[in-house]
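What follows is a single structure, written as structure tokens, with notes after it.
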Amino acid sequence: MTKTILITGGGRGIGAACALLAAEQGYRVCINYRSDDAAASHVVRTIEDGGGEAFAIRADVAQEAEVERLFALLDARFGRLDALVNNAGVLAPQMRVEQMDAARIGRIMATNVVGSFLCAREAVRRMSTKQGGSGGAIVNLSSRAAVLGSPGEYVDYAASKAAVDALTIGLSKEVAGEGIRVNGVRPGLIHTQMHADGGEPGRVERLQSSVPMGRGGAPDEVARAVLWLLSDAASYTTGSFIEVSGGR
Ligand code: NAP
């Protein structure tokens, strides 16, 4: 049986790299994204051109009804789910905590925390051997920000990733006896468009001298850690984290 994978936020950046690598490894791939139809279609076409199978679903993971629709469409197309990558994540323009309002903090938490919970919930309902599933694996995209705190930039984002870490630890223990492994990856400074959303497209270049390895990372370098955690090679690994940060 060919394995299936859902990658949230798979239209670009780290999610797109995970989608391409998963297809290379033989997964049937479902890419979720929020708004950029062209980017998601490009990832699907690239996978299809390489002989793989992929489709894309536009849905906001922060909205419960949209997450339920996403998983219903996934059921209709694949009929099973073996792997989930909770990758969709957002940040907001850099500022100090005393400048933040509730709406901004709420937007970050809605996608990064609530979205990860909702997608994990739907995945567990399908994967759990206690609920008739065949088991599976979940990887949550955290961040080194969860440990470093992102002072002066986005402490709200860092806090959302610390919540994702707690989700990873707690859920891994809840479902360990039901055939599901749950792990996290904490990327450091990775070259993606996300930094432009924080108001500083050149952020990786500015900070790369603080990285012991002296450079930012590529999305593909994160994807390799994600796909390893999902694979049978990681069969005894759950509730764990891989730092993909060049030592920072
Ligand atoms: P990115 O380039 O900004 O891409 C984000 C992806 O998430 C896009 O496909 C976007 O869709 C999708 N997305 C955003 N909000 C969504 C929502 N509410 N519902 C569904 N999809 C949504 O991000 P990235 O840099 O690849 O980061 C991927 C993950 O790694 C994130 O969780 C991020 O926090 C984490 N991370 C990144 C870095 C880094 O340096 N880049 C470091 C540490 C951790 P649209 O394009 O359609 O809007």
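Counting starts at 1 for both ligands and their atoms, following the listed order.
With a heavy-atom cut-off of 4.0 Å, T192 touches ligand 1 through its side chain alone. For N112, no heavy-atom contact with ligand 1 is shorter than 4.0 Å. Residue contacts with ligand 1 for D36 involve both N, CA, C or O and side-chain atoms from C-beta outward (heavy atoms, distance under 4.0 Å). At a 4.0 Å heavy-atom cut-off, ligand 1 does not touch R186 at all. Of all the heavy atoms of S142, the ones lying under 4.0 Å from any atom of ligand 1 belong exclusively to the backbone. For A59, every heavy-atom contact with ligand 1 shorter than 4.0 Å involves the backbone, none the side chain.
Residue V90 places no N or O, backbone or side chain, under 3.5 Å from any N or O of ligand 1. Between Y33 and ligand 1, a contact under 3.5 Å exists for no N or O pair. The N/O atoms of T111, backbone and side chain alike, include one that comes under 3.5 Å of an N/O atom in ligand 1.
Hydrophobic clustering of Ile, Leu, Val, Met, Phe, Trp and Tyr side chains at less than 4.5 Å, counting indirect connections, keeps L207 apart from I190. The cluster map of Ile, Leu, Val, Met, Phe, Trp and Tyr, joined by side-chain heavy atoms under 4.5 Å apart, puts L230 and I47 in the same cluster.
For ligand 1, the atoms sitting less than 4.0 Å from at least one non-hydrogen atom of N32 are 20 (C), 21 (N), numbered in the order shown with element in parentheses. For ligand 1, the atoms sitting less than 4.0 Å from at least one non-hydrogen atom of G11 are 9 (O), numbered in the order shown with element in parentheses. Remark: ligand 1 atoms within the under-4.0 Å shell around heavy atoms of P187 are 42 (C), 43 (C), 44 (C). Residue contact check: N87 has heavy atoms under 4.0 Å from atoms 28 (C), 29 (C), 30 (O), 31 (C), 32 (O) of ligand 1. Near G188, with a cut-off below 4.0 Å to any heavy atom, the atoms of ligand 1 are 38 (C), 39 (C), 40 (O), 42 (C), 43 (C). Annotation for ligand 1: atoms under 4.0 Å from non-hydrogen atoms of G13 are 2 (O), 26 (O).
Considering each of V226, V204, I190, the one bringing a non-hydrogen atom nearest atom 39 (C) of ligand 1 is I190. Looking at D60, L189, I14 and measuring to atom 27 (O) of ligand 1, the nearest heavy atom belongs to I14.
Note on R107 versus D197: no salt bridge recorded, every NZ/NE/NH1/NH2 to OD/OE distance being 4.0 Å or above. No salt bridge links R34 with E66; every basic N to acidic carboxylate O contact stays at or beyond 4.0 Å. The pair D36-R12 does not meet the salt-bridge criterion, since no charged nitrogen lies less than 4.0 angstrom from a carboxylate oxygen.
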Practice task
Under the side-chain contact (heavy atoms from CB on, under 4.5 Å) rule, what do E64 and R121 come out as? Steps first, then yes or no, please.
Solution key: CA-CA 11 Å; E64 189 164 26; R121 180 190 78 189; 2.6 Å; yes

Handout entry: salt bridge (charged side-chain N to carboxylate O under 4.0 Å, His left out) assessment of R125 paired with E122
Key = CA-CA 5 Å; R125 287 177 180 173; E122 294 301 313; 3.2 Å; yes

Exercise for the section: Let me see the working for D220 and R224 under salt bridge (charged side-chain N to carboxylate O under 4.0 Å, His left out), right down to the final yes or no. Expected result: CA-CA 6 Å; D220 183 51; R224 287 202 288 270; 2.5 Å; yes

Handout entry: Worked check of salt bridge (charged side-chain N to carboxylate O under 4.0 Å, His left out) between E53 and R77
Key = CA-CA 11 Å; E53 180 180 347; R77 175 76 179 250; 3.7 Å; yes

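Closest to atom 6 (C) of ligand 1, if we only count protein heavy atoms, is G9 O, 3.5 Å. Annotation: atom 2 (O) of ligand 1 to nearest protein heavy atom, R12 NE, 3.0 Å. Of the protein's non-hydrogen atoms, the one nearest atom 19 (N) of ligand 1 is V61 N, 3.0 Å. The single protein non-hydrogen atom nearest to atom 36 (N) of ligand 1 is Y157 OH, 3.5 Å, given as residue, atom name and distance. Nearest non-hydrogen protein atom to atom 11 (O) of ligand 1 is R34 N, 3.4 Å.
Within the 4.0 Å heavy-atom shell around ligand 1 one finds S35. Remark: distances from the non-hydrogen atoms of R144 to ligand 1 are all 4.0 Å or more. Within the structure, the closest approach of H195 to ligand 1 falls below 4.0 Å when heavy atoms are considered.
By the 6.0 Å contact criterion, NE2 on H191 is enclosed, its count of non-hydrogen atoms from other residues, nucleotides or ligands being greater than 12. At most 12 heavy atoms of other shown residues, nucleotides or ligands fall within 6.0 angstrom of atom CZ in R96.
Between the side chains of R248 and S210, at least one donor N or O sits under 3.5 Å from an acceptor N or O. Using modelled atom types and a 3.5 Å distance limit, the side chains of N140 and S116 yield no donor-acceptor pair.
Ring-centre distance between F78 and F55: below the 6.0 Å cut-off.
The closest donor-acceptor contact from the side chain of N112 to the backbone of V90 lies under 3.5 Å.
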